[in-house]
2 protein chains.
Amino acid sequence: MDCCPDLDLVAGNELFRGIPVDGLGALLAAAGRKRLASGDVLFRQGDAADSLFLLIEGRLRATQTAPDGQQIIIRYVGPGEIAGYTVLAGGDVHPGTVTAVDDSYLIGCRGDTARRAMERYPVVARNAVILLGRRYHEMQVRLRELSTERVEQRIGHALLRLAHQCGRRTMSGIEIAFPLSRQDLAEMAGTTLHTVSRTLRAWEERGIVDCGRLRVILRKPHALVAIADDGS
Amino acid sequence: MDCCPDLDLVAGNELFRGIPVDGLGALLAAAGRKRLASGDVLFRQGDAADSLFLLIEGRLRATQTAPDGQQIIIRYVGPGEIAGYTVLAGGDVHPGTVTAVDDSYLIGCRGDTARRAMERYPVVARNAVILLGRRYHEMQVRLRELSTERVEQRIGHALLRLAHQCGRRTMSGIEIAFPLSRQDLAEMAGTTLHTVSRTLRAWEERGIVDCGRLRVILRKPHALVAIADDGS
DNA sequence: CGGACTTTTGAAGTAATTCAAGGGGAGTGG
DNA sequence: CCACTCCCCTTGAATTACTTCAAAAGTCCG
């Protein structure tokens, strides 16, 4: 009798988890659906923040861009995660750009709907605090890594983080489950695509990774951990 | 008839703002007071996160330390701000170390007291979401700066951020209102104290800043903005 | 006045970027 | 099915921004 196939997804979502079923129904009724093809932009940095999105399927990438056009990748968003947190936090514009890196399907609701859900269901507000606390903490760690580690370690940490977040076990190792270019990795690790290419190549020679166009497979994750954590 | 001198401070605080007066009284009754001398540690990275603190007077510094001992400065905490956000976000240990950099006076409450306040007063949860959203956003910007800017710009941005957050206008310019070493600035900008020293020296020669032991005054903030934002 | 910490400054070293050029895969359209 | 084109990736060489190393000079405080 699952009249609405999205219900389970929202019920288990990191933000809306814990809302009573009738509340979920109301929320879904007020929500819209959206499909994005790989490469499509969900919203841009500076756009008015009027909607909150919940990714059902696919993969999104959130970036921060400098006035001169240089950008970094803030995070990748996977199924069950939200994009557009700023409408919860009272921001009026999106602080970054979110783009689909795979064909994606998402649910979107208006900002005031999301904020009302927080007012009405304390559990949603608590979820939001937990979620933002986790993201804040992640950023603290990344900032430290970027400040104190050398490039090879940073690339290692970036890959391990991706593997942990969305790695798919295969017979040959852990595969990053979406198209990932050298440039993307560079924007995660704070370096250039050239250095990433060279580093990956060296690792490939040592049998640690296996990579091709827009694709990376970790063959020896433990070796990568050793590299990433290596202080020497 | 201000029987309790801390009341106003808590009432106006970024987290507890909006709680009805009787609720504030209960909160204060359950809270402890603490004094720290410059250099004292409030809590250390890895400590059990069992308390939330509200700074009344003084200045704190939050740092993130790597296993090998290298550290960066996450933020400085000024009067009216909180330290120990992680107890709100459900973390069990503090993700960083907080140290007093000036003689400080603070109010502390137990984690469950703070969490109960969030449950009971939706406005507190909303404040927490806003607060964490702002910090998360700040970190995004810093991460981008650290990734894409060169040292001189980063030092500039670090100083401007400090000036904005806790600069004191004086006749000679904007003074950073607490003891700030070259090493501290280095840990904010992701560089070494040597580079900071050289950079500050060069700026001093150009009349942009005025600095001494543990002290920096911005004489020409606009010139610093130009340097910090300069893409060339 | 001694001692600890902070800051300055030169010189050497280097990790990583920048510059430059070419190769390869995937998709497209004829 | 082949040729064309657009990205993406690789790789060498030159450059450089910044760190590291080393030493000395201030500055504060007891």
Side-chain angles (χ1 to χ4, degrees), chain A residues 37-39 61 68-70 72-73 99 101-103 145-159 176 178-205 209-217 227 230-232, chain B residues 37-39 61 68-70 72-73 99 101-103 145-156 158-159 176 178-206 209-217 227 230-232:
Chain A
S38 180
R61 177 183 56 204
D68 70 350
Q70 290 213 81
I72 63 160
I73 294 177
T99 313
V101 295
D102 246 347
D103 295 346
E145 289 177 2
L146 193 56
S147 275
T148 65
E149 296 178 351
R150 40 194 55 191
V151 171
E152 194 181 22
Q153 295 176 272
R154 301 204 305 267
I155 298 173
H157 276 132
L159 270 181
I176 307 302
F178 59 89
L180 181 76
S181 71
R182 306 291 182 270
Q183 176 70 33
D184 291 330
L185 260 176
E187 286 175 13
M188 298 188 73
T191 179
T192 64
L193 75 159
H194 308 280
T195 299
V196 170
S197 177
R198 279 183 250 265
T199 304
L200 248 42
R201 211 66 221 337
W203 286 346
E204 200 160 28
E205 238 126 66
V209 301
D210 193 356
C211 53
R213 185 190 164 89
L214 300 174
R215 198 177 53 90
V216 181
I217 298 173
I227 290 171
D230 181 16
S232 71
Chain B
S38 180
R61 178 184 53 205
D68 70 350
Q70 291 211 81
I72 62 160
I73 294 177
T99 313
V101 295
D102 245 348
D103 295 346
E145 289 176 1
L146 192 56
S147 275
T148 64
E149 294 179 352
R150 35 194 56 188
V151 171
E152 193 180 23
Q153 295 176 274
R154 300 203 306 264
I155 297 172
L159 270 180
I176 307 301
F178 58 90
L180 180 76
S181 71
R182 305 292 182 269
Q183 175 70 35
D184 291 332
L185 260 177
E187 287 175 13
M188 298 187 71
T191 179
T192 63
L193 74 161
H194 308 280
T195 299
V196 171
S197 176
R198 279 183 249 264
T199 305
L200 247 41
R201 209 66 222 332
W203 286 346
E204 200 160 28
E205 238 125 67
R206 291 169 60 189
V209 302
D210 193 356
C211 53
R213 186 188 163 91
L214 299 174
R215 199 176 52 90
V216 181
I217 297 173
I227 289 171
D230 182 15
S232 73

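Letters A, B, ... are given to chains in the order of the sequence lines, protein chains preceding strands, and every chain is numbered from 1.
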Salt bridge (Lys or Arg N to Asp or Glu O under 4.0 Å) partners for [X], two or more places apart:
| X | answer |
| --- | --- |
| A/R150 | none |
| B/R201 | B/E204, B/E205 |
| A/E145 | A/R161 |

Quiz item: Of all residues at least two apart in sequence or in a different chain, which pass the side-chain hydrogen bond (donor to acceptor under 3.5 Å, both in side chains) check with B/T99?
Solution: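 For B/T99 there are no side-chain hydrogen bond (donor to acceptor under 3.5 Å, both in side chains) partners, ignoring immediate neighbours.
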Exercise. With sequence neighbours left out, write down each residue that passes side-chain hydrogen bond (donor to acceptor under 3.5 Å, both in side chains) with B/T148, or none if nothing qualifies.
Key: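 In terms of side-chain hydrogen bond (donor to acceptor under 3.5 Å, both in side chains), with neighbours along the sequence ignored, B/T148 is linked to no residue.
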Quiz item: Hey, is the main chain of A/V101 close enough, under 3.5 Å, to the side chain of A/S38 for a donor-acceptor pair?
Solution: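 Side chain of A/S38 to backbone of A/V101: a pair is present.
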Quiz item: Looking only at atom types and distance, does a side-chain atom of B/E152 sit under 3.5 Å from a main-chain N or O of B/T199, one as donor and one as acceptor?
Solution: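 Such a contact is absent between B/E152 side chain and B/T199 backbone.
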Quiz item: Closer to the 5' end of DNA chain D via nearest nucleotide, is it A/R215 or B/G190?
Solution: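 That would be A/R215.
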Exercise. Between A/C211 and B/E149, name the one whose nearest nucleotide on DNA chain D is closer to the 5' end.
Key: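 Its nearest nucleotide being more 5', the pick is A/C211.
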Exercise. Can you see which heavy atom on B/S197 is nearest to which on B/R182, and at what distance?
Key: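 In this case the closest contact between B/S197 and B/R182 is CA-CD, 4.2 Å.
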Quiz item: What's the shortest heavy-atom distance between B/G190 and A/S147, and which atoms?
Solution: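 Scanning both residues, the minimum pair turns out to be CA-OG, 3.7 Å.
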Quiz item: Which pairs with one or both residues in residues 179-204 of chain B pass ring pair (Phe, Tyr, Trp, His ring centres under 6.0 Å), sequence neighbours excluded?
Solution: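 Checked against ring pair (Phe, Tyr, Trp, His ring centres under 6.0 Å) - neighbours excluded - no pair reaches residues 179-204 of chain B.
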Quiz item: What are the bounds, 5' to 3', of the part of DNA chain D that sits under 4.0 Å from heavy atoms of chain A?
Solution: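 Contact span on the strand: D/dC7 to D/dA13.
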Quiz item: Just wondering, do B/L159 and B/L200 contact through their side chains at under 4.5 Å, heavy atoms?
Solution: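 Contact flag for B/L200/B/L159 side chains = yes.
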Practice problem: With axes from five pairs an end, tell me the bend angle of the helix from C/dC1-D/dG30 to C/dG22-D/dC9, nearest 10°. | Solution: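 Angle reported: 40°, given to the nearest ten degrees.
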Quiz prompt | Pair listing, salt bridge (Lys or Arg N to Asp or Glu O under 4.0 Å) test, anchored in residues 184-196 of chain B, at least two apart | solution =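 Matches after skipping sequence neighbours: B/R61-B/D184.
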Self-check item: Contact interval (first through last nucleotide) of DNA chain C with protein chain B, 4.0 Å heavy-atom
Solution: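 With heavy atoms of chain B under 4.0 Å away, the range is C/dC5 to C/dA11.
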Exercise. Just jot down the side-chain contact (heavy atoms from CB on, under 4.5 Å) partners of B/T191, sequence neighbours excluded, or say none.
Key: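 B/T191 satisfies side-chain contact (heavy atoms from CB on, under 4.5 Å) with B/V151, B/R154, B/I155, B/A186, B/A189, B/T195, B/V196 once adjacent residues are dropped.
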Self-check item: Gap in Å between the two P atoms, one belonging to C/dA20 and one to D/dC7, rounded
Solution: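 Pairwise P distance, C/dA20 against D/dC7, rounds to 22 Å.
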Quiz item: For DNA chain C, which residues in residues 192-202 of chain B have a heavy atom at a distance below 4.0 Å?
Solution: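 Per residue number, the list reads B/L193, B/H194, B/S197, B/R198, B/R201.
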Exercise. Assign A/R182 to base, sugar-phosphate, or nothing according to its heavy-atom contacts below 4.0 angstrom with the strands shown.
Key: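 The residue A/R182 makes sugar-phosphate contact but no base contact.
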